[in-house]
Engineer: 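I am attaching a structure below and will ask some questions about it afterwards.
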Amino acid sequence: MIYHGNRFTLRPEASPEQIEEALESLRNQGRVIPSVKSFVVGRDFGGEYEWGAVFAIEDLDGYWEYLIHPAHRNTDRVGLPLVDKFASFDVTDDPDPEMGAKIAALHQRRYDNDAELTKLVSDLGEYSGSAAPGPHGS
């Protein structure tokens, strides 16, 4: 299993209506993307972020389906413009020592094929995660 997580803090000017639309879009990802086996979206406690989401996905094929699904693209469109700080991470029980590189390659493929997404992520105040684009890359 791969547990894909996001932690984020929103910009102060984000309205309650915009916040709810973005959170509902995240919840919708969990409900409608077939490869998502379980999920949670809610407040993030114990760190510097306000919100978080975790999606359980069985394998890399499912991860790719998750990344390119229209429900996920909608969350990018309505949610990323509201985000100030964002961290993306993955936890897996897969013993493959190349799993991190394989996950990063999926993210890179997505960024390479979606200029709008790459700009949205590049414009975030802070971003950390696999294959970080723009000024956040290392």
Side-chain angles (χ1 to χ4, degrees):
M1 292 297 292
I2 303 166
Y3 290 83
H4 173 65
N6 299 300
R7 303 174 81 193
F8 52 96
T9 296
L10 300 172
R11 298 178 190 273
E13 64 272 15
S15 73
E17 295 79 19
Q18 290 173 309
I19 294 168
E20 184 50 37
E21 179 184 17
L23 294 174
E24 180 53 29
S25 188
L26 278 168
R27 292 181 203 106
N28 189 56
Q29 287 178 205
R31 290 190 295 263
V32 305
I33 300 175
S35 60
V36 174
K37 302 307 173 191
S38 66
F39 71 97
V40 62
V41 174
R43 289 281 186 184
D44 184 311
F45 297 103
E48 62 186 83
Y49 298 94
E50 296 173 320
W51 300 95
V54 177
F55 300 90
I57 303 165
E58 288 182 341
D59 56 26
L60 290 171
D61 289 337
Y63 200 112
W64 180 245
E65 175 189 53
Y66 163 83
L67 287 174
I68 63 168
H69 194 279
H72 190 270
R73 293 181 59 92
N74 184 68
T75 301
D76 293 334
R77 183 182 58 78
V78 301
L80 286 174
L82 308 178
V83 172
D84 181 32
K85 295 190 315 183
F86 188 94
S88 171
F89 63 94
D90 298 285
V91 178
T92 184
D93 59 357
D94 191 305
D96 181 352
E98 298 300 316
M99 184 57 78
K102 290 175 181 178
I103 290 170
L106 293 179
H107 283 277
Q108 187 64 58
R109 185 166 130 201
R110 183 170 177 240
Y111 290 130
D112 289 346
N113 291 296
D114 191 337
E116 180 182 354
L117 169 68
T118 300
K119 177 159 179 26
L120 286 169
V121 174
S122 295
D123 288 347
L124 296 175
E126 291 181 28
Y127 175 85
S128 64
S130 295
H136 308 297
S138 43

Engineer: Between Lys85 and Glu48, does any NZ, NE, NH1 or NH2 come within less than 4.0 Å of an OD or OE carboxylate oxygen?
Structural biologist: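 Yes, charged N to carboxylate O under 4.0 Å.
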
Engineer: Less than 6.0 angstrom separating the ring centers of Tyr66 and Phe55, yes or no?
Structural biologist: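 Yes: the rings meet the under 6.0 Å criterion.
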
Engineer: Within a strict 4.5 Å, meaning less than it, do heavy atoms of the Glu50 and Asp44 side chains meet?
Structural biologist: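 No. Closest side-chain heavy atoms not under 4.5 Å.
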
Engineer: With a distance cut-off below 6.0 Å to the six-membered ring centre and an angular limit of 45° from the axis, does Arg43 pair with Trp51 as a cation-pi contact?
Structural biologist: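 Verdict for Trp51: a cation-pi partner in Arg43.
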
Engineer: Would you please test Glu20 and Arg27 for salt bridge (Lys or Arg N to Asp or Glu O under 4.0 Å) and show each step?
Structural biologist: CA-CA 10 Å; Glu20 184 50 37; Arg27 292 181 203 106; 3.0 Å; yes

Engineer: Where is the tightest heavy-atom contact between Ile103 and Leu60, given as atom of each residue plus distance?
Structural biologist: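 What the structure gives for the nearest pair is CG1-CD2, 3.9 Å.
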
Engineer: Decide yes or no for Phe89 and His4: does some side-chain heavy atom of the first lie under 4.5 Å from some side-chain heavy atom of the second?
Structural biologist: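 No, too far: nothing below the 4.5 Å cut-off.
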
Engineer: If I take atom CG from residue Leu67 and atom OG from residue Ser35, how far apart are they, to the nearest 0.5 angstrom?
Structural biologist: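 The OG atom of Ser35 is 9.0 Å from CG of Leu67, to the nearest 0.5 Å.
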
Engineer: Could you go through the side-chain hydrogen bond (donor to acceptor under 3.5 Å, both in side chains) check for Thr9 and Asp84 one step at a time?
Structural biologist: CA-CA 6 Å; Thr9 296; Asp84 181 32; over 6 Å; no

Engineer: Do you know which two heavy atoms are closest between Gln108 and Ala131, and how far apart they sit?
Structural biologist: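 Nearest heavy atoms, Gln108 then Ala131: OE1-CB, 3.5 Å.
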
Engineer: CG of Leu26 to CD of Glu21: how many Å apart, nearest 0.5 Å?
Structural biologist: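 Reported value, rounded in 0.5 Å steps: 11.0 Å.
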
Engineer: Roughly how far, to the nearest 0.5 Å, is the CZ atom of Arg77 from the CG atom of Asn74?
Structural biologist: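 If we round to the nearest 0.5 Å, Asn74:CG and Arg77:CZ are 4.5 Å apart.
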
Engineer: Do Arg31 and Val36 have side chains that approach each other closer than 4.5 Å (heavy atoms only, starting at C-beta)?
Structural biologist: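 Counting from C-beta outward, Arg31 and Val36 never come under 4.5 Å.
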
Engineer: Side chains of Tyr63 and Glu58, heavy atoms from C-beta outward: is any pair under 4.5 Å?
Structural biologist: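 Tyr63 does not reach Glu58 side chain to side chain.
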
Engineer: Is it the case that more than 12 heavy atoms not belonging to Glu24 sit under 6.0 Å from its CD atom?
Structural biologist: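 Counting other residues, nucleotides and ligands, CD of Glu24 exceeds 12 neighbours.
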
Engineer: Is it possible for you to say whether Tyr111 and Trp64 belong to one hydrophobic cluster, with membership spreading through side-chain heavy-atom contacts below 4.5 Å?
Structural biologist: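 Yes.
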
Engineer: Check the side chains of Asp93 and Tyr3 for a donor-acceptor pair under 3.5 angstrom, ignoring hydrogens and angles.
Structural biologist: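 No, no side-chain donor-acceptor pair sits under 3.5 Å.
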
Engineer: What pair of heavy atoms forms the shortest contact from Gly62 to Ile57, and how long is it?
Structural biologist: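 In this case the closest contact between Gly62 and Ile57 is C-CG2, 3.4 Å.
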
Engineer: Please round to the nearest 0.5 Å and tell me the distance separating atom CG of Leu80 and atom OG1 of Thr75.
Structural biologist: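 Spacing of CG (Leu80) from OG1 (Thr75) equals 8.5 Å.
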
Engineer: Between atom CD1 of Ile19 and atom CZ of Arg11, what is the distance when rounded to the nearest 0.5 Å?
Structural biologist: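 So the CD1 of Ile19 and the CZ of Arg11 are separated by 12.5 Å.
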
Engineer: Taking all heavy atoms of Ala22 and all of Val78, pick out the closest pair and write down the distance.
Structural biologist: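 Of all heavy-atom pairs spanning Ala22 and Val78, the closest is CA-CG2, 4.1 Å.
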
Engineer: Let me confirm one number: the OG-CZ distance from Ser130 to Arg110, rounded to the nearest 0.5 Å.
Structural biologist: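 Here the interatomic distance stands at 12.0 Å.
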
Engineer: For the salt bridge (Lys or Arg N to Asp or Glu O under 4.0 Å) test, which of Asp94, Asp61, Asp96, Asp59 pairs with Lys102?
Structural biologist: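 Result: among Asp94, Asp61, Asp96, Asp59, Asp96 is the only option passing the salt bridge (Lys or Arg N to Asp or Glu O under 4.0 Å) with Lys102.
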
Engineer: Flag yes if Leu120 and Val83 sit in one hydrophobic cluster, no otherwise; membership is Ile, Leu, Val, Met, Phe, Trp, Tyr, and two members link when side-chain heavy atoms are under 4.5 Å apart.
Structural biologist: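 Same cluster: Leu120 reaches Val83 through Ile, Leu, Val, Met, Phe, Trp or Tyr contacts under 4.5 Å.
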
Engineer: Got His72 and Ser25 here, is their nearest side-chain heavy-atom distance under 4.5 Å?
Structural biologist: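 Side-chain contact under 4.5 Å: no.
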
Engineer: Please confirm whether the ring centroid of Phe86 lies under 6.0 Å from the ring centroid of Tyr127.
Structural biologist: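 When the ring centroids of Phe86 and Tyr127 are compared, they turn out to be within the sub-6.0 Å range.
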
Engineer: When hydrophobic residues are tied together by side-chain contacts of less than 4.5 Å, even through go-betweens, does Leu23 share a cluster with Val54?
Structural biologist: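 In one cluster: no.
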
Engineer: Considering only heavy atoms from C-beta outward, does the side chain of Asn113 approach that of Ile68 to under 4.5 Å?
Structural biologist: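 When only atoms from C-beta onward are counted, Ile68 and Asn113 do not touch, as no gap falls below 4.5 Å.
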
Engineer: Cluster question for you: counting only ILVMFWY and a side-chain heavy-atom cut-off of under 4.5 Å, with indirect links fine, are Tyr49 and Leu82 together?
Structural biologist: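 In one cluster with Tyr49: Leu82, no.
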
Engineer: Would you check if Met1 and Lys37 make a side-chain contact, meaning some heavy-atom pair closer than 4.5 Å?
Structural biologist: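 Yes. Closest side-chain heavy atoms under 4.5 Å.
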
